[in-house]
Every structure is written in C-alpha cells, then in structure tokens.
Peer 1: 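First the structure, then my questions, so here it is.
These numbers come from the heavy atoms of this one structure, side chains and all, not from hydrogens, waters or symmetry mates. In what follows, chains are A, B, ... by sequence order, proteins preceding strands, each numbered from 1.
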Amino acid sequence: MIPLHWYLWLSAVVFMVGVAGFLMRRNIIIMFMSIELMLNAVNISLVSFSRYLDDMRGQILVFFIIAVAAAEAAIGLGIIIALFRNKVTAHVDEANEMKG
Amino acid sequence: MLAEGIFIYLAAAITILSVLVITRKNPVHSVITMLVLFFHIAALYVTLNAEFLAAVQVIVYAGAILVLFLFVILLLNLKEEAVARRYVGPWPLGLMAAVGLFLAIIVSLDSFVAGPKGAFTTEVIKAETNTKALGKILFTEYLYPFEVVSIVLLVAIIGAIVLAKKRLRS
C-alpha cells in the first residue's frame, strides 16, 4: 500500500502552487482558479485520510467543501462581472480606488 | 507495484498541470488545463476507494464550475490579455511566501500522529458500497450541516444574481 505521506506531499505541492498563483498573477480569474486549486489540495488530503483511517467523515467533509466551492465560484464570478462593469479590467492592480 | 506506478503518474500529472494552470497567459488555456487536472484528481479519488466523490468531482467541478469560469472569460472579452503583464510587480515575494508555507507544511508532516481508526474498513465499504455508506452517515449524523449547505447554495444563487445584475430598480 502507498504510504499516506505521499498523498500529503502531493497535497502540499498542489496547495503551494495554488498559493503562489493567488499571490503572483494579476488576472482575477486566474486568482479564483488558484483558490479552487487550494480547495482541491485540501480535498486530496481529506480523502486520503478517510482511506487510511477507515473513516467516512473525511469524504463527508469533501462533499461539503465541493458544495461551498460551487457557491464561492458563483459569488466570485459575480464580483468579477461587477468589477469589469465598473472598471473595464480584470487585473487586480488596476482596481485601486481604496488605496489611501 | 502497479498501485505505486499509477500514483506516481497521477501525482506527476497533477503537479505539472497545476503549474501550467497558474502560468498560462490565455485564461481559456488555463481553464482547459484545469479540466484535465480535475479528471486526474477524480482518478486519484478512485484509487482511494471514493468513487462517489470522483463522480461528484467530474460533475460539479468539471461540469459546472469550469463552465461558469469559461462563460465569464468569454463575457469579459480579454483581448488585451495577450499583451499585458502576467504577474504582479512584487511576484518573487509571493513565490517566496508560497515556498515558505510549503516548507512549513512539509516540516510539520513529520510530527503527524494518526488518530484512532474508524469502522469503515475496505471490507465494510465493499459489502455495502461507497455511496450507500456515505449516504447513511450524511443523512443521519450530518443531516443538520447538510441542510445548512442548502441555505449556503440559496444565498449564493441570490448573491450571484444581485451582483451580476446591471441596476436594481428602486
């Protein structure tokens, strides 16, 4: 059987890529996709915990995370459309009205 | 040996595809790459005996969320994206923060202690199928959170309409 640590390493790598994408990219759509990447990284570790600890609760939690991710995507894309309507840009560093 | 080979292939593909997702210039290419990535993650769930979640991953993530992303990208008409800068000014700082977080997680993995094992061994799940075992817990022990999730989705529907609507008539 594959050691649990392999799955946790994979999860950590995907999470790191998600964090890096969120902090580095200018395009707000790619930033939202980075958030989805981070959620998927957590899902991978939860499913592997569920498998290796013989417990279904990890999978229940993943089920809820997927539901919340769907809600978050709908709201986030609504915000992107509102931003584009007001500023005609999808770049986060051009939306700087609130800078003091 | 076969299981290790499959895991190594899936892990390599997931890592490479996720790096591609955050580095592509064209957001449409990112979405297509992410579609392939989600199929690989679903395959990983199958190897972990979570068939129901693999199906949900494909249906909800690949079928619903990515189509939503694609719609928004096509709605926004990002022509200047091809010539614009890809990264924010202080991007090395962001990369350093991400790598630092990764190192912190990896170092803390060594002190991980597994909790007590539950009742759902592979034999039990095989006897009553993954979906049935999941549904039994979901609709008894986790019924209240399940109902709360439905309210979260309702709020998301209303919120998305309110945010994306042009002007609310007063």
Side-chain angles (χ1 to χ4, degrees), chain A residues 1-2 4-6 8-10 12-21 23-27 29-30 32-34 36-37 40 43-44 47-48 50-57 59-60 62-64 66-75 77-82 84-85 90-93, chain B residues 3-4 7 11 14-15 18-19 21-22 27 30 34 41 44-45 48-50 53 56 60-61 64-65 68-69 72-73 75-76 78 81 84-88 91 94-95 97-99 101-102 105-106 109 114-115 117-121 133-134 137-138 142 145 149 152-153 156 159-160 163-164:
Chain A
M1 206 151 133
I2 302 162
L4 176 60
H5 272 235
W6 290 19
L8 299 181
W9 266 82
L10 174 64
V13 168
V14 177
F15 195 87
M16 178 195 78
V17 173
V19 172
L23 294 175
M24 285 160 69
R25 289 299 297 246
R26 291 172 75 219
N27 192 325
I29 296 169
I30 309 282
F32 263 98
M33 287 165 65
S34 304
E36 302 293 333
L37 269 183
N40 268 289
N43 284 354
I44 289 171
V47 173
S48 56
S50 160
R51 170 79 180 80
Y52 280 79
L53 297 179
D54 293 334
D55 202 325
M56 281 307 243
R57 285 180 197 155
Q59 296 189 25
I60 302 266
V62 171
F63 189 73
F64 289 145
I66 290 178
V68 171
E72 175 252 324
I75 296 279
L77 294 170
I79 293 173
I80 292 174
I81 290 178
F84 195 77
R85 186 170 296 135
H91 294 145
V92 280
D93 48 0
Chain B
E4 276 91 348
F7 176 81
I14 287 171
T15 308
S18 54
V19 171
V21 166
I22 66 159
S30 283
M34 203 159 194
I41 291 178
L44 194 71
Y45 289 171
L48 284 165
N49 290 352
L53 284 178
V56 168
V60 176
Y61 264 119
I65 295 180
L68 211 60
F69 272 104
V72 170
I73 290 168
L75 213 62
L76 295 191
L78 299 171
E81 196 63 30
R85 278 185 302 122
R86 242 180 285 188
Y87 304 109
V88 292
W91 66 265
L95 187 64
V99 173
L101 183 67
F102 173 71
I105 293 173
I106 291 305
L109 269 186
K117 292 213 167 193
F120 287 92
T121 55
L134 199 68
I137 304 176
L138 189 61
Y142 287 88
V149 162
V152 168
L153 287 174
L163 282 170

Peer 1: Heavy-atom pairs under 4.5 Å with chain B - which of A/Leu37, A/Val14, A/Ile81 has more of them than the others?
Peer 2: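 If we count pairs closer than 4.5 Å to chain B, A/Leu37 comes out on top.
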Peer 1: Considering only heavy atoms, which portion of B/Ala64 lies under 4.5 Å from any heavy atom of chain A: side chain, backbone, both, or neither?
Peer 2: neither
Peer 1: Looking at every heavy atom in both B/Asn49 and A/Gln59, which two are closest together, and how far apart are they?
Peer 2: O-NE2, 3.9 Å
Peer 1: CZ of A/Phe32 to CG of B/Leu68: how many Å apart, nearest 0.5 Å?
Peer 2: 11.0 Å
Peer 1: Using the six-membered ring wherever Trp is involved, compare the ring planes of A/Trp9 and B/Phe102 and label them parallel, tilted or perpendicular (cut-offs 30° and 60°).
Peer 2: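 Ring orientation of A/Trp9 relative to B/Phe102: perpendicular.
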Peer 1: Output the option from A/Ser34, A/Gly78, A/Gly18, A/Ala67 having the highest count of non-hydrogen pairs under 4.5 Å with chain B.
Peer 2: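 Most pairs with chain B among the choices: A/Gly78.
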Peer 1: Roughly how far apart are A/His91 NE2 and B/Arg86 CZ, rounded to 0.5 Å?
Peer 2: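 CZ of B/Arg86 is found 11.5 Å from NE2 of A/His91.
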Peer 1: Tell me, side chain or backbone of B/Val21 under 4.5 Å from chain A's heavy atoms, or both, or neither?
Peer 2: both
Peer 1: For B/Ile41, is it the side chain, the backbone, both or neither that has a heavy atom under 4.5 Å from a heavy atom of chain A?
Peer 2: side chain
Peer 1: Does any heavy atom of chain B fall under 4.5 Å from the side chain of A/Leu10, the backbone, both, or neither of them?
Peer 2: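 For A/Leu10, the side chain is the part near chain B, not the backbone.
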Peer 1: At what distance, to the nearest 0.5 angstrom, does CD of A/Glu36 lie from OG of B/Ser18?
Peer 2: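 That separation rounds to 14.0 Å.
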Peer 1: Grab the two heavy atoms, one from A/Tyr52 and one from B/Lys117, that are nearest each other, plus how far apart they are.
Peer 2: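 So the minimum-distance heavy-atom pair works out to O-NZ, 3.4 Å.
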Peer 1: Checking B/Ile106 against chain A: side chain, backbone, both or neither under 4.5 Å from a heavy atom?
Peer 2: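 Contact with chain A is through the side chain of B/Ile106 alone.
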Peer 1: Search all heavy atoms of A/Ala73 against all heavy atoms of B/Ile65 and return the closest pair with its distance.
Peer 2: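 That closest heavy-atom pairing would be CB-CG2, 3.9 Å.
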Peer 1: CD1 of A/Ile60 to CG of B/Leu53: how many Å apart, nearest 0.5 Å?
Peer 2: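 So the CD1 of A/Ile60 and the CG of B/Leu53 are separated by 9.0 Å.
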Peer 1: If you round to the nearest 0.5 Å, how far is CZ of B/Phe69 from CD1 of A/Ile29?
Peer 2: 8.0 Å
Peer 1: Which atoms of A/Ile30 are under 4.5 Å from chain B, going by heavy atoms: the side chain, the backbone, both sets, or neither?
Peer 2: side chain
Peer 1: Flag the pair B/Tyr61 / A/Asn40 as yes when at least one side-chain heavy-atom distance between them is below 4.5 Å, and no otherwise.
Peer 2: yes
Peer 1: Could you tell me the separation between the CG atom of A/Leu8 and the CG atom of B/Leu109, rounded to the nearest 0.5 Å?
Peer 2: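 CG of B/Leu109 is found 5.5 Å from CG of A/Leu8.
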Peer 1: Of the non-hydrogen atoms in B/Leu163 and A/Ala82, which two are nearest, and what is the gap between them?
Peer 2: O-CB, 3.8 Å
Peer 1: Just so I understand: if I count every heavy-atom pair under 4.5 Å between each of A/Arg26, A/Arg57, A/Glu72 and chain B, which residue has the most?
Peer 2: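 Option with the top pair count is A/Arg26.
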Peer 1: Against chain A, work out which of B/Phe7, B/Tyr45, B/Tyr142 has the most heavy-atom pairs shorter than 4.5 Å and name it.
Peer 2: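 Of B/Phe7, B/Tyr45, B/Tyr142, B/Phe7 has the most heavy-atom pairs under 4.5 Å with chain A.
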Peer 1: Do B/Leu95 and A/Leu23 come within less than 4.5 Å of each other through their side chains, counting heavy atoms only?
Peer 2: no
Peer 1: Check whether any side-chain heavy atom of A/Phe84 lies under 4.5 Å from a side-chain heavy atom of B/Val72, and answer yes or no.
Peer 2: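 When only atoms from C-beta onward are counted, B/Val72 and A/Phe84 do not touch, as no gap falls below 4.5 Å.
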Peer 1: Tell me the closest heavy-atom pair linking A/Met33 and B/Met34, and the distance in Å.
Peer 2: O-CE, 3.2 Å
Peer 1: Side chain, backbone, both or neither: which part of B/Ile105 has an atom under 4.5 Å from a heavy atom of chain A?
Peer 2: side chain
Peer 1: Count the heavy-atom pairs under 4.5 Å between each of A/Val68, A/Val19, A/Ile44, A/Leu4 and chain B, then report the option with the highest count.
Peer 2: A/Ile44
Peer 1: Please classify the contact between B/Val149 and chain A as side chain, backbone, both or neither, with a heavy-atom cut-off of under 4.5 Å.
Peer 2: side chain
Peer 1: Could you have a look at A/Ile66, A/Ile80, A/Asp93 and say which one has the most heavy-atom pairs with chain B under 4.5 angstrom?
Peer 2: A/Ile66
Peer 1: Tell me which of these, A/Val47, A/Asp55, A/Val92, has more heavy-atom pairs under 4.5 Å with chain B than the rest.
Peer 2: A/Val47
Peer 1: Check whether A/Phe15 gets within reach of chain B through its side chain, its backbone, both or neither, counting any heavy atom under 4.5 Å.
Peer 2: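 Just the side chain, heavy atoms under 4.5 Å.
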Peer 1: I need the minimum non-hydrogen distance between A/Met56 and B/Ala133, along with the two atoms involved.
Peer 2: CE-CB, 3.6 Å
Peer 1: Check for me whether A/Arg25 meets the cation-pi criterion with B/Tyr87, that is, NZ or CZ under 6.0 Å from the six-membered ring centre and within 45 degrees of the ring axis.
Peer 2: yes
Peer 1: Hey, does B/Leu138 have a side-chain heavy atom less than 4.5 Å from the side chain of A/Phe64?
Peer 2: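 Counting from C-beta outward, A/Phe64 and B/Leu138 do come under 4.5 Å.
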Peer 1: Contact part of B/Leu48 toward chain A, heavy-atom cut-off under 4.5 Å: side chain, backbone, both or neither?
Peer 2: both
